Structure formats: structure tokens, C-alpha cells
Number of protein chains: 2
Amino acid sequence: MKIKISDVAKAAGVSAATVSKVFNPQGSDNIKISDKTKQHVLAVAEKLNYMPNYGAKLLRSGKSYTIGFATENDRSFDCFVSEYTREIINGVGAAAYKDNYNVLLINGKDYLEYCENSRMDGLVIVGYYRDRDSQEKERLAGYKAMSDKNFPFVLINGIYEDKDYSAVSVDNESGMKQILEMIVRRGYRKIGFLGELGDNLQRHHIQREKFLREGLAQLGLPVNESYFIHGPSTERKAVPPSGNYSHIYGFLGMKEVHEKGMDIDCLVCGGDEIAMGALKYANEHKISVPGQIAVTGFDDIPQSEFLNPSITTVKQPLRDMGAMAFEIIMEKIRHGGGSVKRKVSPVLMERQSA
Amino acid sequence: MKIKISDVAKAAGVSAATVSKVFNPQGSDNIKISDKTKQHVLAVAEKLNYMPNYGAKLLRSGKSYTIGFATENDRSFDCFVSEYTREIINGVGAAAYKDNYNVLLINGKDYLEYCENSRMDGLVIVGYYRDRDSQEKERLAGYKAMSDKNFPFVLINGIYEDKDYSAVSVDNESGMKQILEMIVRRGYRKIGFLGELGDNLQRHHIQREKFLREGLAQLGLPVNESYFIHGPSTERKAVPPSGNYSHIYGFLGMKEVHEKGMDIDCLVCGGDEIAMGALKYANEHKISVPGQIAVTGFDDIPQSEFLNPSITTVKQPLRDMGAMAFEIIMEKIRHGGGSVKRKVSPVLMERQSA
DNA sequence: CTGAAAGCGCTTACAG
DNA sequence: CTGAAAGCGCTTACAG
């Protein structure tokens with residue numbers, strides 16, 4: 001029924017080994033097939049519509065030409081594609097396509113098995129972690145197992161920057177510096193920060209707040225602690241997360257700014273979704289943005305550009321980061337070598353909100 | 001190095017065949033392994049950390065436990081994950097996970113090969129087609145080839161409803177009926193339609209316009225042709241698409257409504273992105289929505305709920321549609337059978353814009 | 001209930 | 001430059 005390599009060999013009057021070599025010129029032997037034989041085999045294979053069996057190739061060569069893709073959150077690995085991860089997948093996918101690799105979405109507990117059983121040749125892990133992380137021990141054990149086996153994997157926006165694992169991460173410090181440069185240029189002086197209001201904060205938000213604080217100090221601008229709204233406080237209880245969105249933090253944070261009459265001229269938000277929530281409160285209460293208070297985001301989610309006012313933010317080059325992760329894996333597959341770390345600068349997008 | 005089935009067999013004092021049967025209870029033989037042997041083999045395998053080789057299983061059994069996922073646009077198959085497709089992937093992925101299947105992102109020209117060479121056991125295709133489709137012949141040849149091989153595939157929001165291919169599609173007629181019901185209930189009487197302004201329209205938008213027209217006629221409401229803004233006209237040249245977004249159509253369409261002073265009290269848009277563009281124009285020109293003119297969308301993209309005003313629209317249950325597609329494929333893999341067609345009703349989301 | 005043997009379709013040293 | 005032979009690690013009739 002299905003044409004196999006021996007059918008092609010017979011029809012072409014050559015051996016299966018020769019057909020194999022025609023189809024895999026980069027094999028161990030170095031290319032030593034005459035051009036005439038090669039063209040002939042190719043023509044016969046074409047005519048018979050020969051397609052090499054994937055399972056047989058995989059069994060024999062151990063190469064799957066497949067890269068796994070997993071999202072990792074506080075609870076587990078999963079194959080859920082979020083707004084962020086879809087753009088990263090597009091970056092990984094486009095890069096992989098060029099090298100004839102495919103992308104396999106990896107579910108929960110399977111990833112350690114898949115890196116052993118030849119299901120994939122490498123793994124991209126996108127992680128958004130919080131400060132307290134109940135799965136940390138298992139996570140680290142998994143990474144260590146892969147690392148010990150010398151299995152190529154890359155963490156995108158992960159943490160564990162101290163560990164010797166390949167990683168591609170957004171540079172929160174650079175992003176915050178760019179926001180600060182804009183702040184200075186536009187003459188804002190009274191700066192506030194608005195992050196998550198829960199009791200287990202995203203590590204990226206914690207970092208961003210820290211870099212803002214440090215940057216302000218360096219610039220000699222005042223740091224008013226009571227204008228840094230982040231996590232629970234003596235007056236404010238922890239706000240539980242609501243669904244998949246963190247708009248609620250922005251909404252409630254802006255409410256606090258408003259009701260307490262905080263004297264802020266630019267409110268720096270930990271992420272675009274928080275900025276969106278802040279804008280929603282401002283809209284509803286006729287607070288003019290940026291007239292009365294400017295608002296900045298971080299990340300540049302797709303809707304930021306279409307809101308009214310559109311959000312001034314820094315853009316994470318998610319596709320590029322995905323492509324980089326793939327390149328790091330390919331480099332390791334091809335030439336081995338140790339771990340590679342990449343920091344990617346986000347790009348300031350000056351729009352209407354600040 | 002890696003533990004294989006013979007290692008487990010030896011350590012457990014049984015044959016490889018027995019180990020295989022323990023791991024594949026649903027094999028042809030029917031389960032005839034004693035409980036004692038089974039437990040023992042399982043314990044030994046666990047201790048040795050045995051993981052069956054994927055390539056070997058695939059070569060022998062021909063089952064990949066993998067479902068391909070492809071997006072198809074006017075130009076080609078690709079693995080680009082859009083805002084829509086990500087939610088469909090999430091539906092396919094969650095359903096697949098339950099049955100221990102994985103999702104493989106399929107690139108361009110590979111899909112016909114992959115359905116032959118055991119790379120995947122089924123394929124989900126998400127298609128957004130336009131009226132004139134330069135790739136139609138190749139597309140149909142591909143579908144026919146898969147169909148002839150009896151290879152399971154499902155078209156999501158495809159076209160070709162007349163052909164005997166499995167399909168899951170949103171019910172545009174039901175969606176438009178729900179919008180009309182809302183229109184009548186709220187007392188809107190002067191209805192306009194705003195679709196794409198290009199010269200090669202999405203088939204879904206064409207359908208939606210048709211169902212609106214028919215529904216208005218049935219309700220005895222006036223159909224003012226000059227308020228149906230769709231495609232080029234004698235006065236209006238075709239507007240080329242701009243990037244990945246169709247907001248521009250909504251913006252320009254609302255401009256036309258405004259500048260010509262069209263007497264419309266509810267503007268039905270062909271999709272949420274178009275509605276977004278219309279709202280943007282209205283915002284910029286201080287046209288009150290829904291006070292002066294109501295606006296409705298179609299699809300329910302994620303940002304629709306967060307705009308100001310939020311968009312009244314009908315929601316496509318994209319995750320459910322993905323899950324259905326997977327179920328149809330599984331049914332075919334397990335029990336064979338012919339093609340299955342499913343129409344899915346969208347759900348009215350009444351928000352602020354109408 | 002269990003095992004011996006064949007074979008899935010390739011690739012890869014090796015020999016010539 | 002080409003081919004014969006072995007073998008990757010499983011599963012599957014078949015025999016017992």
C-alpha cells in the first residue's frame with residue numbers, strides 16, 4: 001500500500017542504502033552519491049510519491065525534528081496558549097519552520113518523559129512565576145534532570161537566573177529605564193507605582209518596582225513610599241486575583257489614588273493589564289489621562305494600542321524571544337556547548353496615556 | 001544507557017511481550033496478564049524508570065497519538081497562532097490531553113506528507129476564507145486526498161459546507177437572529193450594516209450581511225441599501241487591508257455614516273474588530289455610543305469586554321468548537337464512520353455599545 | 001496466562 | 001561511489 005524505501009530502491013535499480021543517502025545527504029558517510037544516481041532516485045521517488053516513514057526514521061536516528069513548547073505557571077506545565085505565549089509560539093514556530101522542525105504542545109507531566117523517549121529534541125518553557133511558588137522543588141528537579149541528561153531546553157521569562165540553565169528574558173531594568181527617561185523628558189516629577197494587590201506577587205512586577213525605585217533615587221526624584229501601591233498593606237487587604245485578568249488591580253489601585261487624593265503626576269503600572277484597569281477607573285470618574293494623571297504600562301499587549309487613550313508602554317519583543325530560544329536549542333543540538341543566557345530589551349512605545 | 005523493554009523483561013524475569021502487554025492492555029490479544037505479573041512488571045519498570053521509546057512504538061503500531069493543528073488562510077497552511085486560533089487550540093489541546101493525545105503545529109506544505117507518514121493521526125484545520133480564493137484548487141485537492149485515504153480531519157469555520165467533509169462552524173444565521181432580537185427588544189428601527197471595505201470579502205461577513213438583510217425583511221423592518229456599507233461601491237473605492245487588523249474598515253465606515261449624515265440608530269458590524277474601529281471614530285468625534293448610534297459586533301474578541309463602551313456582540317464558543325473537532329477525530333479513529341457536521345450557535349453578550 | 005519469533009521501515013558502520 | 005547486513009525498540013499474531 002504505502003511506498004517504502006525498498007520499493008523506491010527496487011524501482012530505481014539501486015539499494016535501499018543508496019536511496020537513504022540520497023534523502024539524507026548530511027549523513028555520517030559524507031555525500032558520495034553520483035549526481036546521476038541521485039537525480040534518478042529522486043525522480044523515481046517523486047513518481048512513486050515516496051514519503052519516508054517518520055517512526056522508522058525516529059527509531060533509527062533518534063532525531064524527532066520536533067521542539068516541545070510548554071507554558072509553566074504556579075501549578076504545572078500546561079499547553080494553554082495565552083495572549084503572551086501565542087506570540088512566543090509564533091516566534092518559535094517561524095524559526096523552527098525554516099529548519100524543518102515542528103512544534104509540539106507539551107502537556108503537564110509529560111515533559112520529562114518526552115525528553116527521554118525521543119519525542120522531542122528540545123524544549124521551550126515559558127514561565128510566569130510568583131514570589132511564593134509551591135511547585136518550586138519539583139520544577140527545579142525537572143530542570144536538573146534535563147540538564148543532567150544534557151537535553152536542550154530554554155526558559156523564556158523564567159527566573160532562576162543564578163542557575164546554569166539557558167534562558168531568554170525581558171530586561172526589566174532596561175524597560176524601566178526607558179520609562180524613566182520618558183518621565184524626565186516630559187517633566188513628570190511626582191511618580192507613583194501600581195502593581196498587583198494580591199499577596200503572592202509576580203516576580204517580574206517585584207523587579208520592575210525595584211528598578212523604578214532605584215532609578216528615581218539615581219535621578220534624585222522623590223520616592224514617596226505611600227505612592228508605591230503593591231501587595232497588601234496595613235490599610236489594604238490582599239485582593240484576590242479575578243479570573244485570568246489583572247485589570248482589577250489597576251481599577252482598585254487608581255481608586256485608591258483618587259480617593260486618597262494622592263499627588264501623583266505619572267502612575268507607572270507593573271503591566272499593561274493593570275494600566276488598562278487604571279484607565280477604566282479614570283474613564284468612569286472623568287479623570288483625564290494624561291491631563292490630570294499620566295499612566296504607563298509594561299509588556300505592550302495587543303489591545304494597548306487601541307484603547308482610548310492608547311497606552312504608553314514598553315514592548316516585549318515576544319516573537320524575537322521565541323526565535324532566540326529556538327536558535328539556542330539548535331545551536332546546542334548541532335554543536336553542543338553549555339548554557340546561553342539572553343536578556344532582551346523592551347522598546348518604548350510612546351502613545352497617548354503618558 | 002536508556003532502559004528498554006528487554007531490560008525490564010530481564011529484571012522482572014518475564015518476556016518482552018509480557019511487559020508490552022502490561023503497558024498496552026487494550027492490545028489485540030485482550031487482557032490476559034495475571035494481576036500478580038502485572039503488578040510485578042509495573043514495579044520493576046517504575047524502579048528502572050522505564051519509558052517506552054516513542055519511535056519504536058510508532059513504527060510498530062502506526063499510532064502517533066498526535067493531532068495536527070493548522071491554520072489556513074488565503075495563501076497557505078501555516079502555524080501562525082492568531083487571537084482566534086489560540087482559543088481553538090486551547091479547546092483542542094484540553095480535549096486531546098484527556099485522551100493522552102498531543103497537538104502538533106503543522107506548517108505550510110507538510111500536512112499531506114504528515115497524514116501519510118504516521119506523524120499524526122488526525123488534523124484540525126482552521127480556515128478563514130475570502131470570496132475569491134486563489135488557492136482553492138490546491139486546497140480542495142488536499143482535502144480530497146485526505147478524504148480518499150480516509151484520514152480523519154475536521155474543518156473549523158471552513159467553507160465547503162456542501163462537500164462531504166467533517167466540519168465545525170459557527171452559525172452565522174443564529175448569531176444574526178440574536179442580534180436582531182436584541183434590536184427589536186430595544187426598539188432600534190433604522191438599521192445599518194458595516195462590513196469590510198476591501199474587494200475580496202470574508203465569506204463569513206458576506207453570510208452575516210445576508211442574514212441581517214433577510215431577518216430585517218422578515219421582521220418588516222426597512223432595509224435601506226445605502227446603509228449597507230460593505231465592499232467597494234460606485235462612490236467608494238476598495239480599501240486595502242491594513243496589517244492584521246480590520247479596525248480601519250470600522251473607522252472609515254463610521255466616518256462615512258457620520259459625514260453623509262446617515263439616519264441609523266443601530267449599526268450592525270460584521271465583526272468585533274470592525275466595531276472597535278467604528279467606536280474609535282465615534283470617540284474621536286464625540287459621537288455618543290449608544291446614545292446617538294448603537295454599535296454591535298460579532299465574534300467576541302477578548303478586548304471587546306474591556307473597551308469603553310464595551311461591545312455588545314455574539315460570542316463564538318471557540319474552545320468548545322476546538323474540543324468538538326477533536327471529538328469528531330477521535331470518533332473516527334476509534335469507530336470509523338463518515339463525516340460529521342456541527343453548527344455551533346454563538347451567544348449574545350449584551351454590553352454597553354447597544 | 002506467557003513466550004519465541006518475526007518484522008515494522010528506516011540508517012549506519014563496514015566492506016568493496 | 002554503492003550495497004549487504006545488522007539492528008534501532010517495540011508489538012503482534014501464533015503457539016503452547
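Values below: every heavy atom of this structure, side chains too, minus hydrogens, waters and symmetry copies. Note that this is a predicted model, so its numbers are computed, not measured. So that the names make sense, note that chain A is the first sequence line, chain B the second, and so on, each numbered from 1.
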Chemist: Can you say whether the rings of A/Y165 and A/Y143 are parallel (under 30°), tilted (30 to 60°) or perpendicular (over 60°)?
Modeler: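 Rings of A/Y165 and A/Y143: perpendicular, as their planes differ by over 60°.
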
Chemist: Give a yes/no answer on whether the side chain of B/T18 brings an N or O atom under 4.0 Å of OP1 or OP2 in C/dG3.
Modeler: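 True: B/T18 side-chain N/O within range (under 4.0 Å) of C/dG3 OP1/OP2.
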
Chemist: What residues form a salt bridge (charged side-chain N to carboxylate O under 4.0 Å, His left out) with A/R60, not counting sequence neighbours?
Modeler: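 Salt bridge (charged side-chain N to carboxylate O under 4.0 Å, His left out) check on A/R60 returns nothing, list empty.
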
Chemist: Name the closest nucleotide to the B/K4 side chain, picking from D/dT2, D/dC10, C/dG9.
Modeler: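 It is D/dC10.
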
Chemist: Using Watson-Crick pairs (N1 to N3, plus N6-O4 or O6-N4) and G-U wobble pairs, both distances under 3.5 Å, which stems of at least 3 pairs involve DNA chain D?
Modeler: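 As far as DNA chain D goes, consecutive pairing (with distances under 3.5 Å) yields the stems C:1-3 with D:14-16, C:5-12 with D:5-12, C:14-16 with D:1-3.
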
Chemist: Sequence neighbours left out, what passes side-chain hydrogen bond (donor to acceptor under 3.5 Å, both in side chains) with A/K332? Give chain and number order.
Modeler: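 Counting only residues at least two positions away or on another chain, A/K332 forms a side-chain hydrogen bond (donor to acceptor under 3.5 Å, both in side chains) with A/N150.
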
Chemist: Taking B/N102 for its side chain and A/I106 for its backbone only, find out whether a donor-acceptor pair lies under 3.5 Å.
Modeler: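 No, B/N102 side chain to A/I106 backbone: no donor-acceptor pair under 3.5 Å.
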
Chemist: Go through residues 44-57 of chain A and report each residue with a non-hydrogen atom lying under 4.0 Å from DNA chain D, sorted by number.
Modeler: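 None, since no heavy atom is under 4.0 Å.
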
Chemist: Between C/dC10 atom P and A/K2 atom NZ, what is the distance in whole Å?
Modeler: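 For the pair A/K2 NZ and C/dC10 P, the rounded distance is 11 Å.
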
Chemist: According to side-chain contact (heavy atoms from CB on, under 4.5 Å), who are the partners of A/A11, at least two apart in sequence or on a separate chain?
Modeler: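 With neighbours one apart ignored, the set is A/V44, A/L48.
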
Chemist: Please enumerate all residues that pass side-chain contact (heavy atoms from CB on, under 4.5 Å) together with A/A323, with sequence neighbours excluded.
Modeler: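 Residues passing side-chain contact (heavy atoms from CB on, under 4.5 Å) with A/A323: A/A95.
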
Chemist: Under 4.0 Å between a side-chain N or O of B/T37 and OP1 or OP2 of C/dT2?
Modeler: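 For B/T37, the contact criterion (side-chain N or O under 4.0 Å from OP1 or OP2 of C/dT2) is met.
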
Chemist: Would you kindly give the CD1-to-C1' distance between A/I5 and C/dC8, to the nearest whole Å?
Modeler: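 After rounding, the gap between these two atoms is 14 Å.
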
Chemist: Residues two or more places apart in sequence or in another chain: which of them pass side-chain hydrogen bond (donor to acceptor under 3.5 Å, both in side chains) with B/D162?
Modeler: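 B/D162 satisfies side-chain hydrogen bond (donor to acceptor under 3.5 Å, both in side chains) with no other residue.
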
Chemist: Nearest to the side chain of B/L59, which nucleotide is it out of D/dC10, D/dC8, C/dC8?
Modeler: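 It is C/dC8.
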
Chemist: Which whole-number value in Å describes the distance from B/K10 NZ to D/dG9 P?
Modeler: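 Between P of D/dG9 and NZ of B/K10: 13 Å.
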
Chemist: Applying side-chain hydrogen bond (donor to acceptor under 3.5 Å, both in side chains), can you list everything that pairs with B/T66, at least two apart in sequence or on another chain?
Modeler: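 Testing B/T66 for side-chain hydrogen bond (donor to acceptor under 3.5 Å, both in side chains), a comparison that skips the adjacent residues, returns A/R119, B/Y54.
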
Chemist: Using side-chain hydrogen bond (donor to acceptor under 3.5 Å, both in side chains) as the criterion, list what pairs up with B/E116, not counting sequence neighbours.
Modeler: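 Applying side-chain hydrogen bond (donor to acceptor under 3.5 Å, both in side chains) to B/E116 gives B/K149.
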
Chemist: With sequence neighbours excluded, tell me which residues meet side-chain contact (heavy atoms from CB on, under 4.5 Å) with B/L59.
Modeler: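 With sequence neighbours excluded, B/L59 shows a side-chain contact (heavy atoms from CB on, under 4.5 Å) to A/N53, A/A56, A/L59, given in chain and number order.
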
Chemist: Would you kindly give the CD-to-C1' distance between B/Q39 and C/dC1, to the nearest whole Å?
Modeler: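 Going from CD in B/Q39 over to C1' in C/dC1 covers 15 Å.
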
Chemist: Can you name the salt bridge (charged side-chain N to carboxylate O under 4.0 Å, His left out) partners of B/K47, sequence neighbours left out?
Modeler: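 None.
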
Chemist: Starting at atom NZ of B/K38, determine the distance to atom P of C/dG3, rounded to an integer number of angstrom.
Modeler: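 After rounding, the gap between these two atoms is 16 Å.
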
Chemist: In whole Å, what is the span from the CG atom of B/N24 to the P atom of D/dA13?
Modeler: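 After rounding, the gap between these two atoms is 13 Å.
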
Chemist: How many whole angstroms separate atom CG of A/L58 from atom P of D/dC10?
Modeler: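 Distance, rounded to whole Å: 12 Å.
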
Chemist: Can you tabulate the close N/O pairs, meaning under 3.5 Å, that link protein atoms to atoms of nucleotides 4-7 of chain D?
Modeler:
unit_1	atom_1	unit_2	atom_2	d
D/dG7	N2	A/R60	NH1	2.9

Chemist: Please give, in whole Å, the distance from C/dC10 C1' to B/N117 CG?
Modeler: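 Going from CG in B/N117 over to C1' in C/dC10 covers 12 Å.
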
Chemist: Any salt bridge linking B/K343 with B/E161? Criterion: basic side-chain nitrogen under 4.0 Å from a carboxylate oxygen.
Modeler: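 Yes, this pair counts.
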
Chemist: Would you indicate, yes or no, if D/dT12 has its OP1 or OP2 atom less than 4.0 angstrom from a side-chain nitrogen or oxygen of B/S20?
Modeler: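 The answer is no; no side-chain N or O of B/S20 sits under 4.0 Å from OP1 or OP2.
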
